[in-house]
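Residue numbers begin at 1 in each chain, while the letters A, B, ... track the order of the sequences.
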2 protein chains.
Amino acid sequence: MRDVAQLARVSAMTVSRVLKDDPGVSGATRKRVLTAVKELGYRRNETARSLRLGGSGMIGLVVTNLANPFYSRLALGVQEVAAEQGMRVLLSNTAEQTDRERDLVEDLASHRVEGMIVVPAGSRQEHLAQTMTSMPMVLAARPPAGIDTDCVLVDDFDGAREATAQLLADGHRDLGFLGNPPALYTGAERFRGFWAAHEELGLEPDEHRVRRGLVDIATAEAAAKDVLGGPSAPTALFCTNNRITQGAVRAVRRLGLQTALAGFDNFELADVLGLPLTIVSYDADEIGRQATRLLIDRIKNGTENQQPTRRVVVPTTVIRYGAL
Amino acid sequence: MRDVAQLARVSAMTVSRVLKDDPGVSGATRKRVLTAVKELGYRRNETARSLRLGGSGMIGLVVTNLANPFYSRLALGVQEVAAEQGMRVLLSNTAEQTDRERDLVEDLASHRVEGMIVVPAGSRQEHLAQTMTSMPMVLAARPPAGIDTDCVLVDDFDGAREATAQLLADGHRDLGFLGNPPALYTGAERFRGFWAAHEELGLEPDEHRVRRGLVDIATAEAAAKDVLGGPSAPTALFCTNNRITQGAVRAVRRLGLQTALAGFDNFELADVLGLPLTIVSYDADEIGRQATRLLIDRIKNGTENQQPTRRVVVPTTVIRYGAL
DNA sequence: CTGTTAGCGCCTTCAA
DNA sequence: TTGAAGGCGCTAACAG
């Protein structure tokens with residue numbers, strides 16, 4: 001910056017003003033400075049600027065698994081709104097490990113992000129309380145447990161309830177359930193919705209056809225094969241997320257069945273699989289956008305004027321794909 | 001830091017030493033400092049540290065479309081190696097726009113990343129030359145054009161050649177080609193491989209069955225329907241990337257055909273689609289890992305000891321899925 | 001409209 | 001083994 005100032009025969013302060021679009025600079029001076037900037041290929045040091053200004057212009061985003069399209073879409077939504085507000089996003093991936101999550105969050109805090117959006121890996125988040133004291137935090141896709149923060153959720157209960165109701169309306173009575181760990185909020189809520197849809201018709205699900213604690217495509221496929229091969233095989237399966245649905249699709253295909261499937265999260269090619277498929281769909285980008293709006297709102301409001309904790313629920317839609 | 005120093009009754013310098021694991025601090029002092037750190041919830045300011053040290057410990061990653069699993073996997077590979085080396089990754093998404101790419105790259109440079117990995121949106125990269133003068137850069141998935149940098153490529157030519165050869169070996173003679181824009185390196189190379197496989201058998205592809213310049217699932221689906229509905233309909237289609245293959249799958253399904261498909265990039269559920277599918281697969285994570293290794297190597301070597309430009313080629317494997 | 005001074009939080013260097 | 005001085009690059013606040 002000194003070099004630019006020297007070349008333009010002004011002080012560093014004037015260069016700073018020009019680069020900041022400060023109005024109080026004469027046209028001629030501004031032009032001289034910009035010429036010098038271009039000639040030297042000068043680029044303002046944002047690190048020094050952050051230090052001086054006391055804000056980095058960054059927000060942190062911590063997701064569990066970027067390879068899952070749900071999270072990459074969410075990340076895109078976050079980037080979109082952050083960019084609108086002139087902020088950058090520092091992205092971290094926990095690989096579903098709570099201890100890594102704690103480290104990454106600490107690391108982001110050390111880099112002075114102005115706030116954080118976290119998709120927590122575990123079911124409770126006490127380990128984030130410390131960080132929360134120094135900056136706002138928003139949870140995405142899971143509600144806070146053990147801490148008090150804003151969050152953006154999918155309507156897990158109602159989506160599961162509605163999809164299950166459709167299967168029941170189709171005449172299915174022997175439904176199976178393939179779920180992620182019940183300790184997770186989404187797992188519990190979606191199971192609750194599954195159950196509620198039964199109750200509304202005066203039915204009760206058969207626990208023998210329930211498998212929970214599934215964590216990836218492989219475990220889901222195994223569980224699906226197990227249920228479908230059992231004595232009281234279901235005619236339809238409800239799956240709590242896209243990985244599990246895909247495992248179930250594999251199992252159904254391998255066994256040569258035409259079992260009806262219902263599941264959370266839309267996925268590509270769902271429409272051309274040729275299986276009867278009921279999908280609870282929602283806009284992952286929108287979760288990211290909403291979370292970012294909540295976060296930036298808190299950042300701009302600073303510590304004063306503390307609003308109560310907010311909870312935004314993103315609606316779901318049920319989509320039906322037919323057999324070929 | 002001053003507060004910690006005061007509480008521990010030492011100077012700020014000593015606190016700095018403790019936090020840096022500098023050996024020249026007595027055990028008793030170190031313990032006092034750490035206690036004070038914990039009590040105050042103190043966290044070192046990495047921004048100030050970067051400013052003083054002259055290196056941010058970050059590398060930039062610029063991808064065209066994070067929603068494409070290819071890029072999210074690549075990003076994970078980059079994160080993995082960067083983390084091993086104690087560096088963080090600043091991720092940006094260009095949405096395939098070259099002007100946005102230039103801005104994002106400039107922005108990363110302003111934030112003093114120590115190097116960058118870029119998946120360029122366009123076919124030439126002169127606009128990156130300026131930035132390259134101040135830090136190392138590695139291109140991923142596309143070779144440099146208009147600039148001179150290290151790069152990591154997929155074996156586009158050979159993958160396309162081999163997959164095409166397999167279709168020909170199956171007895172197909174009327175192959176169609178659905179390609180991304182020919183101005184893109186991958187588009188050109190994959191088409192070249194498609195052509196070469198024909199030549200090796202003394203055949204020549206029929207240009208009437210070639211459609212290029214496809215950019216997403218929708219355009220690919222339309223093109224596939226067009227070719228498959230035309231007068232000299234192919235019995236098999238070669239697709240240059242996962243979006244195009246998925247468009248082709250849609251078209252084939254909608255038309256109720258059993259056309260054999262071959263394409264670049266593996267995708268989930270490819271094995272359960274029930275169509276004859278030949279996929280050129282490769283490890284997207286590995287591209288990210290290799291690119292990061294090249295980059296960090298250059299960063300550590302500094303400006304001196306300039307090695308010549310390197311080009312790493314990641315191999316491909318051909319996978320075959322059968323009809324049901 | 002432009003310049004000077006001072007300091008953001010940390011660490012290198014030198015001195016004790 | 002510890003501390004004091006000084007500066008990384010920038011800009012707010014105050015002068016002129």
Side-chain angles (χ1 to χ4, degrees), chain A residues 1-37 40-58 86 88 106-114 134-135 302, chain B residues 1-37 40-58 86 88 106-114 134-135 302:
Chain A
M1 192 154 175
R2 239 200 323 264
D3 298 345
V4 173
Q6 194 167 3
L7 183 59
R9 283 165 294 128
V10 293
S11 73
M13 199 52 234
T14 299
V15 177
S16 173
R17 288 198 179 95
V18 170
L19 262 34
K20 192 193 328 176
D21 281 325
D22 190 309
V25 182
S26 78
T29 310
R30 155 166 281 118
K31 192 163 291 174
R32 269 213 324 285
V33 168
L34 290 176
T35 308
V37 163
L40 296 177
Y42 169 74
R43 196 181 294 127
R44 186 165 61 179
N45 185 330
E46 293 293 331
T47 303
R49 192 172 150 83
S50 294
L51 183 59
R52 179 65 237 236
L53 295 178
S56 60
M58 298 196 192
R88 269 153 302 278
E106 267 301 302
D107 189 61
L108 288 172
S110 289
H111 281 276
R112 292 304 187 266
V113 295
E114 300 186 23
S134 58
M135 71 187 65
Chain B
M1 193 153 172
R2 240 199 324 264
D3 298 346
V4 174
Q6 194 166 2
L7 183 59
R9 283 164 294 128
V10 294
S11 72
M13 201 48 239
T14 300
V15 177
S16 173
R17 289 199 179 97
V18 170
L19 262 35
K20 191 195 328 177
D21 282 325
D22 191 308
V25 183
S26 79
T29 309
R30 154 165 284 121
K31 192 163 291 175
R32 271 214 322 286
V33 168
L34 290 175
T35 308
V37 164
L40 296 177
Y42 169 75
R43 198 180 294 126
R44 186 166 59 180
N45 184 330
E46 293 293 332
T47 303
R49 193 174 149 83
S50 294
L51 182 60
R52 180 63 237 242
L53 294 179
S56 61
M58 298 195 191
R88 269 152 303 279
E106 266 303 301
D107 189 61
L108 288 172
S110 290
H111 281 278
R112 293 302 187 266
V113 295
E114 300 185 22
S134 58
M135 73 187 65

Checklist entry - Counting just side-chain N and O atoms, does B:Ser50 come under 4.0 Å of either OP1 or OP2 of C:dC10? => result no
Next on the checklist: Between the opening five pairs and the closing five pairs of the helix from C:dC1-D:dG16 to C:dA16-D:dT1, how far apart are the helix axes, to 10°?
Outcome noted: 40°
Next on the checklist: With heavy-atom distances below 4.5 Å as the criterion, would you say the side chains of B:Ser56 and B:His111 are in contact?
Outcome noted: no
Checklist entry - What's the closest nucleotide to the A:Val10 side chain, out of D:dG3, C:dG3, C:dC11? => result C:dG3
Checklist entry - In terms of side-chain heavy atoms of A:Ala48, which of D:dC10, D:dA13, D:dT1 is nearest? => result D:dC10
Next on the checklist: Taking the minimum atom-to-atom distance to the side chain of A:Met1, which one of C:dC10, D:dT2, D:dC10 wins?
Outcome noted: D:dC10
Next on the checklist: At 4.0 Å (heavy atoms only), tell me whether A:Arg17 reaches a base, stays on the sugar-phosphate, or touches nothing.
Outcome noted: base
Checklist entry - Picking from C:dG3, D:dT2, C:dG9, which would you name as closest to the side chain of B:Arg52? => result C:dG9
Next on the checklist: Are the side chains of B:Val18 and B:Thr29 in contact, using a 4.5 Å heavy-atom criterion?
Outcome noted: no
Checklist entry - What integer distance in Å separates A:Leu53:CG from D:dA13:P? => result 11 Å
Checklist entry - Counting any heavy atom closer than 4.0 Å, what does B:Gly24 reach on the DNA or RNA strands: base, sugar-phosphate only, or nothing? => result base
Next on the checklist: From C-beta outward on B:Ser16, which listed nucleotide comes closest to its side chain: D:dG9, D:dT2, C:dC11?
Outcome noted: C:dC11
